[in-house]
J.: 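Quick one: structure below, then a few questions.
All values below come from the heavy atoms of this structure, side chains included, with hydrogens, waters and symmetry mates left out.
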Amino acid sequence: MLKTQVGIIGAGPSGLILARMLAQQGIESVILESQSRAHCEQRARAGVLEHDAANLLDEIGVGERMRREGLVHRGIFLRFDGCDHRIDMAELTGGRTITVYGQHEVIKDLIAAAIADGQALHFDVADVSLNDIDSDAPTIQYRHEGELRVLQCDVIAGCDGFHGVCRPSIPDGAIRSFARSYPFAWLGILSASAPASAELVYARHERGFALQSMRSPEVTRLYIQVPPDDTIDHWSDDQIWSELNTRLAVDGDWSLNRGPIVQRGITPMRSFVADPMQFGRLFLVGDAAHIVPPTGAKGMNLAIADVRVLAAALGAFYTKGDMRPLDTYSATCLRRVWNVQRFSAWMTQLLHRIGDDPFAARVQRAELEYVTSSRAAATALAENYVGLPFGALA
Ligand SMILES: Cc1cc2nc3c(=O)[nH]c(=O)nc-3n(C[C@H](O)[C@H](O)[C@H](O)COP(=O)(O)OP(=O)(O)OC[C@H]3O[C@@H](n4cnc5c(N)ncnc54)[C@H](O)[C@@H]3O)c2cc1C
């Protein structure tokens with residue numbers, strides 16, 4: 001039987017940042033990850049860090065490369081009816097910005113720092129299962145390097161994403177799930193070409209939503225709205241570029257920079273919340289507890305916000321024996337989670353083609369006009385997009 005204070009399942013942003021914030025308070029943890037290090041470091045996912053999330057990476061000592069290579073953006077474009085409308089987020093929020101830096105780059109920095117600091121971090125573990133999670137000594141059973149092992153912990157942090165084992169380990173009826181599936185998905189590509197626009201472009205087109213984002217000055221990230229049951233082999237490179245060019249068309253001299261497609265995939269769009277985010281000594285963190293549609297660029301940021309709350313609560317538990325912050329972990333996080341669900345759902349309905357209802361389409365267009373002409377409405381978008389300050393809502 002191995003022992004640690006906090007057993008962390010999953011080496012995504014949640015698990016790696018939590019381990020680091022715990023280590024900085026002298027709290028020991030072990031991270032168990034089912035995938036290989038290479039897989040974790042190459043998985044292309046989110047790419048936008050909120051203002052406070054980027055600052056938190058600095059505070060925990062892994063922000064150096066992000067500050068050097070990340071792209072600080074002060075605004076985004078909303079594009080509809082062939083016109084661009086810039087939302088000057090920094091000006092509307094007193095200087096708050098976003099940083100474009102790929103999630104897999106964040107992961108590389110965190111893994112390198114964890115290994116340099118001697119953090120217990122095991123990749124390629126299998127057959128993970130949780131036991132006695134409603135006791136003071138929960139255990140994690142897993143297979144690693146051919147051996148079956150048992151890790152006894154004070155607390156387990158379920159940082160294993162939406163499809164992990166932690167949430168399903170909670171007995172039926174102990175948590176309530178809230179879910180919404182959207183009638184569309186996102187086809188996303190990474191193109192080895194320079195972004196045509198230096199800032200993100202969110203386009204509403206009658207054929208559906210499109211987004212031009214980026215991962216670096218040499219790599220463009222592009223998305224189009226597709227039917228929920230679509231498959232990637234239905235799409236040739238030419239079809240993808242043609243659809244992107246149509247939906248992102250704008251008056252004036254602008255066109256996408258076509259390059260080799262180096263990664264492609266279709267991601268379903270869903271919203272999900274588990275309430276509470278805790279059962280006994282198991283705490284759910286990040287995607288294990290909630291999923292947001294990616295329109296508001298919030299998934300990784302929300303995970304980081306949970307981690308911040310849990311790390312502080314565990315600090316109070318170990319230094320003062322104070323259980324209260326752990327007892328209120330779920331309620332504290334859920335205030336922000338529901339606000340981010342609200343914003344992500346709003347951005348999604350603002351920009352996607354949802355059915356063929358002409359009335360709904362007119363209301364959507366009116367809302368786009370309002371957001372791009374009213375300072376109050378633009379400010380509401382901006383302050384949520386750069387992220388409400390940590391501490392304001394958890
Ligand atoms: C395909 C895809 C594209 C996305 N694109 C965007 C985007 O463009 N913008 C955005 O904001 N968000 C995006 N997201 C969401 C964002 O990436 C997540 O919100 C973020 O990764 C959450 O971090 P996490 O650490 O909670 O979970 P994850 O990053 O999912 O990490 C969970 C970890 O647990 C591991 N794991 C799973 N099961 C087990 C097990 N049984 N045992 C041990 N380890 C296990 C996984 O391998 C993984 O490493 C995307 C998500 C996906 C899946």
Side-chain angles (χ1 to χ4, degrees), residues 44-48 71 73-89 98 100 102 182-228 230 232 234-267 269 293-297 344 346-354 356 361 364-369 371-373 378 381-382 385:
R45 287 186 166 180
V48 172
L71 309 170
H73 285 194
R74 299 174 60 85
I76 56 169
F77 287 98
L78 298 184
R79 184 172 289 182
F80 57 97
D81 295 345
C83 291
D84 265 340
H85 305 263
R86 184 165 184 270
I87 305 291
D88 190 335
M89 300 182 304
I98 54 162
V100 174
Y182 293 85
F184 38 79
W186 275 17
L187 185 160
I189 62 164
L190 275 181
S191 166
S193 54
S197 166
E199 294 180 330
L200 276 76
V201 179
Y202 285 83
R204 199 280 176 209
H205 189 273
E206 60 187 20
R207 291 179 62 82
F209 169 77
L211 169 62
Q212 188 239 241
S213 179
M214 65 288 293
R215 289 294 176 265
S216 71
E218 297 84 33
V219 178
T220 309
R221 182 80 160 140
L222 295 144
Y223 296 97
I224 46 174
Q225 172 185 353
V226 295
D230 210 343
I232 196 68
H234 275 149
W235 289 83
S236 67
D237 288 15
D238 283 345
Q239 283 171 319
I240 293 172
W241 285 109
S242 160
E243 201 60 36
L244 282 164
N245 277 315
T246 303
R247 297 191 196 181
L248 284 160
V250 65
D251 295 342
D253 186 18
W254 190 91
S255 63
L256 284 167
N257 296 323
R258 181 170 174 161
I261 297 178
V262 292
Q263 224 176 80
R264 67 188 74 207
I266 292 186
T267 311
M269 300 273 283
T295 327
S344 301
W346 176 78
M347 280 281 280
T348 301
Q349 62 81 29
L350 180 71
L351 292 159
H352 288 73
R353 182 185 171 123
I354 304 176
D356 293 322
Q364 185 182 49
R365 198 183 172 294
E367 184 143 25
L368 280 164
E369 269 186 11
V371 168
T372 51
S373 59
L381 190 164
Y385 198 88

J.: Could you grab the distance from atom CD1 of Ile224 to atom NE2 of His205, nearest 0.5 Å is fine?
T.: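 Taking CD1 in Ile224 and NE2 in His205, the distance rounds to 12.0 Å.
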J.: Could you tell me how the ring of Tyr202 sits relative to the ring of Phe209: parallel (under 30°), tilted (30 to 60°) or perpendicular (over 60°)?
T.: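 Plane angle between 30° and 60°, so tilted.
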J.: Which heavy atom of Ser193 sits nearest to which heavy atom of Asn257, and what is that distance?
T.: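 Heavy atoms of Ser193 and Asn257 come nearest at OG-O, 2.7 Å.
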J.: Taking all atoms of both residues into account, what is the closest heavy-atom pair of Gln225 and Arg353, and its distance?
T.: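 That closest heavy-atom pairing would be NE2-O, 2.8 Å.
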J.: For Leu187 and Asp230: C-alpha separation, side-chain torsions, deciding distance, then whether side-chain contact (heavy atoms from CB on, under 4.5 Å) applies.
T.: CA-CA 9 Å; Leu187 185 160; Asp230 210 343; 5.5 Å; no
J.: Closest heavy-atom contact between Leu222 and Ser191?
T.: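 Taking Leu222 first and Ser191 second, the nearest heavy atoms are CD1-CB, 4.5 Å.
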J.: Looking at every heavy atom in both Pro228 and Pro183, which two are closest together, and how far apart are they?
T.: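 What the structure gives for the nearest pair is CD-O, 3.4 Å.
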J.: Within the structure provided, determine whether Tyr182 and Thr295 are in side-chain contact (heavy-atom separation under 4.5 Å).
T.: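 No, their side chains stay 4.5 Å or more apart.
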J.: From Arg86 CZ over to Thr372 OG1, what is the distance, rounded to the nearest 0.5 angstrom?
T.: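 With rounding to 0.5 Å, CZ (Arg86) is 14.0 Å from OG1 (Thr372).
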J.: Flag the pair Trp235 / Ile261 as yes when at least one side-chain heavy-atom distance between them is below 4.5 Å, and no otherwise.
T.: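 The answer is no, as the side chains (C-beta and beyond) never meet within the 4.5 Å cut-off.
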J.: Is the side chain of His73 donor-acceptor paired with the backbone N or O of Ala198 at a distance under 3.5 Å, no angle test?
T.: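 Yes.
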J.: Is there a side-chain contact between Asp238 and Arg258 (heavy atoms, below 4.5 Å)?
T.: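 Sidechains of Arg258 and Asp238: in contact.
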J.: So, do Ile76 and Leu381 sit near enough that their side-chain heavy atoms are less than 4.5 Å apart?
T.: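 Of all side-chain heavy-atom pairs linking Leu381 with Ile76, at least one is under 4.5 Å.
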J.: Answer whether the closest heavy-atom distance between the side chains of Glu369 and Arg365 falls below 4.5 Å.
T.: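 With C-beta onward as the side chain, the pair touches.
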J.: Would you say that Phe184 contacts Ile354 through its side chain, given a criterion of any heavy-atom pair below 4.5 Å between the two side chains?
T.: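 Yes; the side chains approach each other to less than 4.5 Å.
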J.: How long is the gap from CZ on Arg204 to CG on Leu368, to the nearest 0.5 Å?
T.: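 These two atoms lie 7.5 Å from each other.
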J.: Locate the shortest heavy-atom distance separating Ile266 from Ala185; write the atom from each residue and the value.
T.: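 Taking Ile266 first and Ala185 second, the nearest heavy atoms are CG2-CB, 3.8 Å.
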J.: Could you tell me whether the side chain of Arg264 reaches within less than 4.5 Å of the side chain of Ile240, counting heavy atoms only?
T.: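 Counting from C-beta outward, Ile240 and Arg264 do come under 4.5 Å.
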J.: To check you understand the geometry: which heavy-atom pair defines the closest contact between Arg247 and Gly208, and what is its length?
T.: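 For Arg247 versus Gly208, the nearest heavy atoms are CD-O, 3.2 Å.
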J.: Nearest 0.5 Å, what's the CG-OG distance between Leu190 and Ser213?
T.: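 With rounding to 0.5 Å, CG (Leu190) is 9.5 Å from OG (Ser213).
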J.: Taking Ser197's backbone N and O only, do any of them form a donor-acceptor pair with Gln212's side chain (distance below 3.5 Å, no angle check)?
T.: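 Yes, the answer is positive, given that a donor and an acceptor are paired below the 3.5 Å cut-off.
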J.: Find out whether Leu244 and Ile189 are in side-chain contact, i.e. whether some heavy atom of one side chain is under 4.5 Å from a heavy atom of the other.
T.: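 Yes, at least one pair of side-chain atoms sits under 4.5 Å.
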J.: Given the rule in the side-chain contact (heavy atoms from CB on, under 4.5 Å) test, do Trp254 and Arg79 qualify, once you have shown the distances and angles that lead to the verdict?
T.: CA-CA 12 Å; Trp254 190 91; Arg79 184 172 289 182; 3.3 Å; yes
J.: Tell me, with the steps shown, if Val48 and Leu200 meet side-chain contact (heavy atoms from CB on, under 4.5 Å).
T.: CA-CA 10 Å; Val48 172; Leu200 276 76; 4.2 Å; yes
J.: I'd like to know if the side chain of Glu199 and the backbone of Phe77 have a donor-acceptor N/O pair within less than 3.5 Å.
T.: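 Judged by distance alone, no pair lies under 3.5 Å.
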